[in-house]
Amino acid sequence: MPRTGFVLVLVVCLVAAPGCLGGGTSPEDGNVSVDAPEPYTDAKVRFVVDGQERGELAVETADTRGERARGLMERESLPEGTGMLFVYDTPAPRGFWMKDTLVPLDIIFVDGDMRVLNVEHASPEPGVPDDELTRYRSDGAAQYVVEAERGYANETGVSAGDRLVIRR
């Protein structure tokens, strides 16, 4: 193939089908490999499900009080394969709500031993007064919380008892 043909194929591949050079999602095994945009470059997380690491997410880390309070509020979308990792100094019962959050989310509560406590499937509640917003709570003392686009847990099989792996 002439060199110009190769360049054209490469450009078409990069523009039309970002996953055609490798990476991207693999729905069969739940694996996701992501070259994420800012701010989702703080760390990568995966879950060990049935003995295999699955569902890699590039995450923005919220480890200060202000970052945790803001969370994913007012974001119109999440790039595929991204999410947010909330990190607390100590395990404690945690509660989340969807105040000003526009994207449906899976909220995955994880204890201090990196074990999933529970998964909550949350939907936006526009126009609902603060005191009437649904509260999503951990089933025990959580030290980490992962938020991903709703459906992530079902697609990867993440459930109570699975293990969180964080790579920085």
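Bear in mind the structure is a predicted one, so any value in this text is a computation, not a measurement.
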Tell me whether Leu164 is reachable from Val49 by hopping between hydrophobic residues (I, L, V, M, F, W, Y) whose side-chain heavy atoms are closer than 4.5 Å. yes

With clusters defined by side-chain heavy atoms of hydrophobic residues (ILVMFWY) lying less than 4.5 Å apart, directly or transitively, does Val45 cluster with Ile107? no

Arg65 atom CZ: more than 12 heavy-atom contacts under 6.0 Å: no

If you count heavy atoms of other groups shown closer than 6.0 angstrom to CG of Asp130, is the number above 12? yes

Residues [X] and [Y] bridged, charged N to O under 4.0 Å:
{"X": "Glu53", "Y": "Arg163", "result": "no"}
{"X": "Arg75", "Y": "Glu147", "result": "no"}
{"X": "Asp63", "Y": "Arg68", "result": "no"}

Heavy-atom donor-acceptor pair, [X] side chain to [Y] backbone, under 3.5 Å:
{"X": "Asp113", "Y": "Arg115", "answer": "no"}
{"X": "Arg135", "Y": "Leu133", "answer": "yes"}
{"X": "Asp111", "Y": "Ala141", "answer": "no"}
{"X": "Tyr152", "Y": "Gly55", "answer": "yes"}

Name all pairs fulfilling the ring-ring contact (aromatic ring centres under 6.0 Å, His included) condition that reach into residues 51-88, sequence neighbours left out, sorted by first residue then second. Phe86-Phe96

How close do Tyr136 and Ser123 get, counting heavy atoms only, and between which atoms? OH-N, 3.6 Å

Residues Pro79 and Tyr40: closest non-hydrogen pair is CD-CE1, 3.6 Å

Report yes if some heavy atom in the side chain of Thr61 is under 4.5 Å from a heavy atom in the side chain of Val87; otherwise report no. yes

Could I get the full list of side chain to side chain contact (heavy atoms under 4.5 Å, CB included) partners for Asp100, not counting sequence neighbours? Met73, Glu74

Does Val48 sit in a hydrophobic cluster with other residues, and if so which ones, taking ILVMFWY side chains as linked at heavy-atom separations under 4.5 Å, directly or through other members? Val165

Give the intermediate values and the outcome of side chain to side chain donor-acceptor pair (under 3.5 Å) for residues Thr90 and Gln143. CA-CA 6 Å; Thr90 58; Gln143 188 165 357; over 6 Å; no

